[in-house]
There are 2 protein chains.
Amino acid sequence: MRLGKGVEWAVHTLLNLNMAESGALGTPQLARAHDLPPAYLNKQLQLLVKAGLLVSSVGPHGGFSLARPVEEITLLDVVLAIEGDEPMFRCEEIRCRGTIGELSPRPTGPCQVKSAMRRAERAWHEALAGQKLADIQAELDEEPAVRRIVRSALD
Amino acid sequence: MRLGKGVEWAVHTLLNLNMAESGALGTPQLARAHDLPPAYLNKQLQLLVKAGLLVSSVGPHGGFSLARPVEEITLLDVVLAIEGDEPMFRCEEIRCRGTIGELSPRPTGPCQVKSAMRRAERAWHEALAGQKLADIQAELDEEPAVRRIVRSALD
DNA sequence: GCATCATTACTCGGATAAGAAATGTCCGAGTCGCGCAGG
DNA sequence: CCTGCGCGACTCGGACATTTCTTATCCGAGTAATGATGC
């Protein structure tokens, strides 16, 4: 049960795109910014495009740019874009199989174990949805040099 | 980012052990109860033993039994026992690498992205810790036949 | 000088490998219960 | 009949395959800028 490293890459890259002022940044620059494998980073960014967080443009001077301001992007958006929206607890309904499952009448209502795990998962989602990228950006800005540094490294 | 199926197996098996009244149940019976691969289920149960949720006894009439009542076992205990206690978001400190990392002075304080993800993870843990196995057992008991069925399938 | 066009370099995007982790299987060490022999 | 002992069967526990997923890489299709060319 671990998140792919694409999540970390995506968040930092989105923040970098927010701080940079050039219209669009290509995969090579974004990868060099944090020494990431360019082709694989590109794969993750494509997921962000598919999820509607980024827009991409091809050709020279092409690249990726934010589809909407960081005030409207939550950590949940990023996690779901990268990891997919399948629930992390997969209920295979084992309660309906084996000697117990065969003896039981067809159970009424959903599996209680599944429901309990879903509640916890919902708490996680809500905690993620409650944190926008703008909030993290604000924390970053408490160190005053970051924006300037990022721009000089990217533009 | 998905939990192993061992989590589902563990929760149902712990509940079965709670409902059964025989002193200890072996892997074969517990596996037949839900038609699970016995050897792999055994692997998961060993994790529960290592975490202190189960006690095991060898020899004939041996097997697994609860180490403490279900009122004192939370879903968090089970998840941590099966999945391990490493955090699901692995911060690799990419902010300190690449052109941005080299330009920046050594950053003060922890990574804000990591902190945000940790907050969400804590919410998940708290939601898991707030649900005891006894609570799920109580929901199961609303269908009155379950305990009798489980006993007749296991004992 | 200006518009048109072919070229070119650069981009994304998806198809293709390598590595790691989860899943599944097998066999050995140890132990408890049971049957048997002896007193 | 009672006690002690050897045997056997059953258990857990860890070492060994297989499948799935994550991670990483490569190459092609498409496009926009650019420079040359003709008017």
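Letters go in sequence order (proteins before strands), and every chain restarts at 1.
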Review point. Separation of Asn42(B) atom CG from dC12(D) atom P, in whole Å?
Key: 6 Å
Study note, to complete from the structure: Atom CG of Leu36(A) and atom P of dA24(D) are separated, to the nearest Å, by 9 Å
Practice item. Among residues two or more places apart or on two chains, list those pairs meeting side chain to side chain donor-acceptor pair (under 3.5 Å) that have a residue in residues 110-124 of chain A. Key: Arg119(A)-Gln131(B)
Check your understanding: Does a side-chain heavy-atom distance below 4.5 Å link Leu17(A) with Leu25(A)?
Key -> yes
Check your understanding: What pairs with Ala67(A) under side-chain contact (heavy atoms from CB on, under 4.5 Å), at least two apart in sequence or on another chain?
Key -> Val55(A)
Point to revise | Connected-component partners of Leu103(B) among ILVMFWY, side-chain separation under 4.5 Å | key: Ile149(A)
Protein and nucleotides 21-29 of chain C: nitrogen or oxygen contacts under 3.5 angstrom:
| unit_1 | atom_1 | unit_2 | atom_2 | d |
| --- | --- | --- | --- | --- |
| dT23(C) | OP1 | Arg90(A) | NH2 | 3.0 |
| dT23(C) | OP1 | Lys5(B) | N | 3.4 |

Exercise for review: Whole angstrom is fine here: how far is it from CE in Met88(A) over to C1' in dC21(D)?
Suggested key: 18 Å
Study note, to complete from the structure: So, with a heavy-atom separation below 4.0 Å from DNA chain C, the residues of residues 48-63 of chain A are Ser56(A), Ser57(A), Val58(A), Gly59(A), Gly63(A)
Review point. With distance as the sole criterion, is a donor-acceptor pair present between the side chains of Asn16(B) and Thr13(B) under 3.5 Å?
Key: no
Check your understanding: Starting at CD of Gln46(B) and ending at P of dA15(D), how long is that distance when rounded to a whole Å?
Key -> 10 Å
Exercise for review: Indicate yes or no: does Lys132(A) engage Asp77(A) in a salt bridge with an N to O separation below 4.0 Å.
Suggested key: no
**Study point:** Basic-acidic side-chain contact under 4.0 Å: Arg2(A), Glu86(B)
**Key:** no
Review point. What is the distance from CD of Glu92(B) to C1' of dA24(D), rounded to the nearest Å?
Key: 14 Å
**Study point:** ring pair (Phe, Tyr, Trp, His ring centres under 6.0 Å) partners of residues 20-55 of chain B, not counting sequence neighbours, each pair once
**Key:** Trp9(B)-Tyr40(B), His12(B)-His34(B)
